[in-house]
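See structure below.
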Amino acid sequence: MRLPPFQYLEPENITEALSMMDTYKDTVKIIAGGTEVINHMKHRLLSPAFVMNIAKLGDLGGISVLDHEIVLGASTTLKEIANSPVIKEKCKAIAEAAFQVASPTIAAMGTIGGNILQNTRCMTYNQSEIVLTGLDSCHKRGGTICLAVKGSTRCFSVYQGDMAPALIAFDAQCILRKSGATRTIPIIDLFTGNGVQPFSIGSDEILTGIIIPKQDGTSGSAYKKLRIRGSIDFPLVSAASVIWVGADGKITSSRMVIGAAGPAPRMVEEASLAIQGQLPGEIDLEALAGMAYGLTEGADNLAMPGAYRRKMARVLLKRAVQEALEDVKRGI
Amino acid sequence: MKKIKGYSITLTVNNENYDLTAEPNRTLLEVLRDDLHLTGTKESCGEGACGSCTVLVDDQPVRSCLTLAVAVEGRHITTIEGLSQGGALHPVQDAFVAHHAIQCGFCSPGMILTAYALLKENPSPTEEEIRRAISGNVCRCTGYAKIVEAIKSLADQGRQER
């Protein structure tokens with residue numbers, strides 16, 4: 001498969017990169033690892049006029065451990081995150097999510113920024129050019145129909161990133177920069193919930209880093225993922241959980257997130273409220289699992305039936321919570 | 001401010017410098033095979049799933065089908081042709097031959113380079129670590145057992161380096 005023609009940009013520093021974004025806006029696509037964008041370009045799902053490579057910008061890479069937070073540069077590879085002792089110790093679910101992205105070689109190429117900003121996917125959209133020419137244009141391709149859910153007035157494509165659910169569980173923020181301005185927003189707010197335009201990032205902005213706040217107290221976390229081939233596939237559904245307990249052993253706070261459940265990761269807020277103040281042994285796991293089920297879309301648009309993926313959301317959330325609680329017990 | 005990289009690039013492949021012209025939309029795989037005639041690197045899925053096109057960039061395995069040639073200028077690229085020295089097979093290649101870890105051979109270049117990179121990073125990997133490292137390289141012939149045995153023999157002997 002050949003790539004479509006484009007002009008290649010290679011800024012030497014972040015200021016130059018931001019200036020290029022300001023100039024080219026929607027006509028430029030950013031690559032760092034290239035594992036997402038290059039693929040989409042091969043399938044002609046993307047044909048940008050410009051491709052900007054930010055992999056060589058030294059100020060966007062690396063893991064910084066600060067007093068009150070851990071900062072991940074957007075170009076930090078998933079392999080670095082999966083192998084980082086501090087991430088494994090302080091934010092195990094994030095390391096587990098990075099470890100489970102695709103295959104080791106892809107994880108060594110792919111970056112956290114690219115993983116977060118990966119496009120939503122659907123079996124009727126992620127096809128080769130020749131297949132797509134034989135299909136009517138769906139919402140995601142500028143049309144007015146949904147090929148996955150007949151009669152739907154909206155896009156049912158699925159966000160299948162591994163990192164975002166785990167990062168959201170840790171209440172992580174992302175740093176978005178453009179020429180002359182920087183804003184920091186919770187990662188959950190990066191998502192629009194609209195499969196056609198899944199992200200709220202501006203066309204002149206670059207995701208430059210992720211901030212994971214440090215939390216007080218004892219915590220446990222886990223990330224669980226369903227996929228067919230353990231060596232390569234995107235999650236068909238996933239669950240991340242983080243649970244903190246106080247000195248009295250009671251749960252002080254928790255965050256649970258379901259991934260690949262719709263066009264954006266979904267926080268199971270009802271579950272967090274339900275277990276607040278409880279002892280780990282008092283938790284009604286079946287009730288929490290039911291909440292995850294209720295939040296998961298069951299469209300038949302990925303490699304496994306939607307009904308099965310919904311059922312597995314129950315199972316994975318339960319497993320993620322159980323494992324987080326086991327971590328908590330070890331920590332106490 | 002407009003900074004568009006020219007199309008003349010110098011690639012360092014197997015310790016040789018090559019001056020060539022490459023449009024930005026050409027992948028490293030295309031340049032290696034079509035321009036440098038290093039056809040040991042194979043194309044299969046073309047989308048990063050199978051690992052046939054694996055080469056080393058600064059000793060890290062990468063998918064050359066997903067790598068732009070212009071993006072790896074100045075880096076050290078190693079293909080399967082660069083592993084043997086003076087006509088003698090590298091120990092990783094020797095081990096693959098000795099353990100019958102090759103059948104059709106299409107996955108072998110990528111598989112061997114992935115194994116080489118693993119052993120360089122971790123000279124004594126466990127079987128689990130070996131299986132994990134090659135999990136992104138698809139082989140449709142061997143069933144993987146012989147490949148794992150070949151890599152394991154080097155891990156046991158700790159002699160992957162010349």
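Convention: sequence-line order gives letters A, B, ...; per-chain numbering from 1.
Only the backbone of B:A133 comes within contact range of chain A, with heavy atoms under 4.5 Å apart. In this structure, the portion of A:N53 lying under 4.5 Å from any heavy atom of chain B is its side chain and not its backbone. For A:M1, the parts lying under 4.5 angstrom from a heavy atom of chain B are both the backbone and the side chain.
Annotation: side chain of A:I38 is not in contact with side chain of B:E47 (no heavy-atom distance under 4.5 Å). By the 4.5 Å heavy-atom criterion applied to side chains, B:E30 and A:R2 are counted as neighbours.
For the options A:S103, A:P104, A:G230, A:S231, heavy-atom pairs under 4.5 Å to chain B are most numerous at A:P104. Heavy-atom pairs under 4.5 Å with chain B were tallied for A:N39, A:I106, A:V51; the largest tally goes to A:N39.
Residues meeting the side-chain contact (heavy atoms from CB on, under 4.5 Å) test with A:S221, sequence neighbours left out: A:K92, A:A93, A:F170, A:V242. Under the rule for a salt bridge (Lys or Arg N to Asp or Glu O under 4.0 Å), the partners of A:D22 that lie at least two apart in sequence or sit in another chain are A:K25.
Of the possible donor and acceptor atoms, one in the side chain of A:K42 sits under 3.5 Å from a partner among the backbone N and O of B:C65.
For the pair A:K56 and B:E73, the salt-bridge criterion is not met [side-chain N within less than 4.0 Å of a carboxylate O].
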Review point. Stepwise, does the side chain to side chain contact (heavy atoms under 4.5 Å, CB included) test hold for A:L3 with B:E23?
Key: CA-CA 10 Å; A:L3 286 163; B:E23 296 292 322; over 6 Å; no

Check your understanding: Please walk me through it: do A:E10 and B:V70 pass side chain to side chain contact (heavy atoms under 4.5 Å, CB included)?
Key -> CA-CA 10 Å; A:E10 202 171 81; B:V70 291; 5.9 Å; no

Practice item. Could you give me the CA-CA distance, side-chain angles and deciding distance for A:I232 and B:V138, then say whether side chain to side chain contact (heavy atoms under 4.5 Å, CB included) is met? Key: CA-CA 10 Å; A:I232 187 74; B:V138 175; over 6 Å; no

